[in-house]
Amino acid sequence: STVTYTTVLFTDAEDAYYTFEQSADGKSLVVDGHNVYATTNLHRTVMSWTDGLVLVRLSGEYQEQEGLLIVKSLLKEWYKQ
């Protein structure tokens, strides 16, 4: 199966907000202190979070626990100092 990692930089906060708009079908998770939104539709899981005007999204056919491990790794790299 394929897992896709995407980052999108917005120039406008309103555009970022509407792109990240969450549905009632998903759930909010806290992963290493960061708010991550997770949803599944037709065996495709999407986990996403924002950092300012940047939207980060991980999507593909994976189980939630697998996704959480990947997200933790990405967050560690993303916020590495």
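Just so you know, these numbers come straight off a predicted model, no measurement behind them.
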Do Val56 and Leu69 land in one hydrophobic cluster if side-chain heavy atoms of ILVMFWY residues count as linked below 4.5 Å? no
Taking atom CG of Leu9 and atom OG1 of Thr11, what is their separation to the nearest 0.5 Å? 7.5 Å
dist Met47:CE -> Thr39:OG1 (nearest 0.5 Å) comes out at 10.0 Å
Taking the side chain as everything from C-beta on, heavy atoms only, tell me whether Ser59 gets closer than 4.5 Å to Thr6. no
Hydrophobic cluster identity match, Leu75 and Tyr5, side-chain contacts under 4.5 Å: yes
State plainly whether one hydrophobic cluster holds both Leu29 and Val3, where clusters connect Ile, Leu, Val, Met, Phe, Trp and Tyr through side-chain heavy atoms under 4.5 angstrom apart. yes
Full working for side chain to side chain contact (heavy atoms under 4.5 Å, CB included) between Leu68 and Val31: CA-CA 8 Å; Leu68 288 173; Val31 180; 3.7 Å; yes
Show every side chain to side chain donor-acceptor pair (under 3.5 Å) that has at least one partner inside residues 61-74, sequence neighbours left out. Lys27-Glu64
Sequence neighbours excluded, the answer for side-chain contact (heavy atoms from CB on, under 4.5 Å) partners of Thr40 is Thr45
For the residue pair Asn35 and Val30, establish whether any side-chain heavy-atom pair is separated by less than 4.5 Å. yes
side-chain contact (heavy atoms from CB on, under 4.5 Å) partners for Leu42, two or more places apart: none
Would you indicate whether the side-chain heavy atoms of Leu74 and Trp49 approach each other to under 4.5 Å? yes
Test side-chain contact (heavy atoms from CB on, under 4.5 Å), reference Ser48, set Val8, Val36, Leu55, Val71, output is Leu55
